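Here is the structure we will look at.
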Amino acid sequence: MKLSVQINEGPYQHQATDTAYHFTKAALENGHEVMRVFFYHDGVLNGTRLTTPPQDDRHIVNRWVELAEKYNLDLVLCVAAAQRRGLVDDGEAERNKKNATNIQEPFRISGLGQLIEAAIQSDRLVVFGD
Amino acid sequence: MADLFTVNKSPFEKNSLENAIKFSTEGASILLIEDGVYGASKGTACESMITGAAGKKFYALKSDLKARGIADDRLIDGVEVVDYAGFVELVCSTDKTQAWL
Amino acid sequence: MSDIKKFMYLNRRAPYGTIYAWESLEVVLIGAAFDQEVSLMFADDGVYQLVKGCDTSESDMKNFMPTYRTLGDYGVRYMYVDQASLEARGLTADDLIEVAWEDWETEEEVDNIVEVVDSAKVTELMAESDVVFSF
């Protein structure tokens with residue numbers, strides 16, 4: 001079955017992204033397709049490469065990266081939500097004249113249309129939030 | 001078939017469980033995750049929300065129960081424990097998933 | 001499955017205290033570019049999103065009330081309000097904004113698409129949707 005996942009909360013503050021991660025991993029391991037993981041609201045904070053948790057804690061950002069690399073997963077941060085919260089890739093840095101970027105590959109920044117498209121094309125949309 | 005409702009709030013904090021039950025159809029599945037699993041324990045002031053809900057099936061996520069020290073013998077009768085693979089299975093076997101945050 | 005899906009945006013949060021109401025509205029606006037059947041459901045504290053007379057000038061928050069009034073132009077055909085949530089908060093339909101809708105092709109017009117519905121209807125409407133967005 002083709003699934004998509006929406007995540008509304010940032011890492012560490014709320015369990016939503018942990019739950020979404022374990023759900024997504026289980027779906028992939030059980031042979032389902034995950035078309036897209038869409039990060040909205042504070043969820044975009046999952047995509048910064050500057051995240052540095054203490055060594056005895058899980059690394060939520062790296063965990064997404066590893067899952068994405070293994071399964072070629074599409075990790076999308078909403079551009080409007082990302083701009084508000086200071087998540088910047090090369091394109092956004094150039095457009096908004098910022099002197100730094102902080103996005104972690106393979107996360108990508110794109111529009112809300114990606115969420116709508118995922119909802120249309122997937123058999124199920126599963127939302128994780130506060 | 002009917003929908004899957006996920007509830008991630010303690011029933012003592014917010015009305016998500018109460019209203020997920022209220023607004024779900026006969027035959028709906030209600031999965032308690034995160035702090036929502038507190039609603040699955042028996043002997044609480046909120047127990048009747050689940051014991052009094054006829055025609056709905058209740059599930060609780062195993063790892064969240066364990067993290068919160070809710071042993072199987074504390075669960076309300078009829079609440080089924082599922083792991084993440086079971087969560088995925090519930091999503092796929094129901095019509096759609098509604099998150100009652 | 002047909003290409004047209006029934007989308008329902010489920011709004012259960014008050015405006016201003018958190019950004020959820022405003023950012024979920026942004027999804028609805030962007031979603032207008034896709035040809036889906038769109039309805040909004042307001043329940044619990046979400047009913048406060050439609051209350052008339054909000055003035056954010058002193059709080060310096062973005063006032064997005066005018067945006068709700070334009071939703072009819074953004075492909076939203078139905079805006080439902082849960083009656084029990086409304087009554088529990090001491091409100092009636094008269095306290096809510098009105099949103100007009102017009103089909104540009106058929107010129108069909110509706111003066112106000114905001115409709116207060118009972119719990120059974122809320123259940124029915126949600127059950128018949130293909131996708132429920134939660135924020």
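Because only heavy atoms are used, hydrogens play no part in the values below, and waters and symmetry mates are left out as well, while side chains stay in. Just so we're clear, the structure is a prediction, and the values are computed from it rather than from any experiment. Proteins get letters first, then strands, A, B, ... in listed order; numbering begins at 1 in each.
Counting non-hydrogen atoms of neighbouring residues, nucleotides and ligands closer than 6.0 angstrom, the NZ atom of B:K62 reaches no more than 12 such neighbours. Residue-environment remark: NZ (B:K66) stays at or below the threshold of 12 foreign heavy atoms within 6.0 Å. Counting non-hydrogen atoms of neighbouring residues, nucleotides and ligands closer than 6.0 angstrom, the OH atom of C:Y16 exceeds 12 such neighbours. Shown here is C:N63, whose CG atom has more than 12 heavy atoms of other residues, nucleotides or ligands within 6.0 Å. Residue B:R74 qualifies as open at atom CZ: its count of foreign heavy atoms under 6.0 Å is 12 or below.
B:K22 contributes no side-chain N or O that, together with a main-chain N or O of C:T123, makes up a donor-acceptor pair within less than 3.5 Å. Checked by atom type and distance alone, the side chain of B:K96 pairs as donor or acceptor with a backbone atom of C:S129 at under 3.5 Å.
Closest heavy-atom contact between B:D3 and C:A127: OD2-CA, 4.1 Å. Shown here for B:A99 and C:S134, the closest heavy-atom pair between the two residues is O-OG, 2.8 Å.
Comparing B:T97, B:D95, B:N15 by how many heavy-atom pairs each has under 4.5 Å with chain C, the most go to B:N15.
Contact of C:D130 with chain B is made through the backbone alone, with heavy-atom distances under 4.5 Å. Only the backbone of B:S24 comes within less than 4.5 Å of a heavy atom in chain C; its side chain stays farther off. Proximity to chain B (any heavy atom under 4.5 Å) is restricted, for C:F135, to the backbone atoms N, CA, C and O.
For the atom pair B:T25 OG1 and C:M126 CE, the distance stands at 9.0 Å (nearest 0.5 Å). Distance check: C:L10 CG to B:F23 CZ gives 9.0 Å after rounding to the nearest 0.5 Å.
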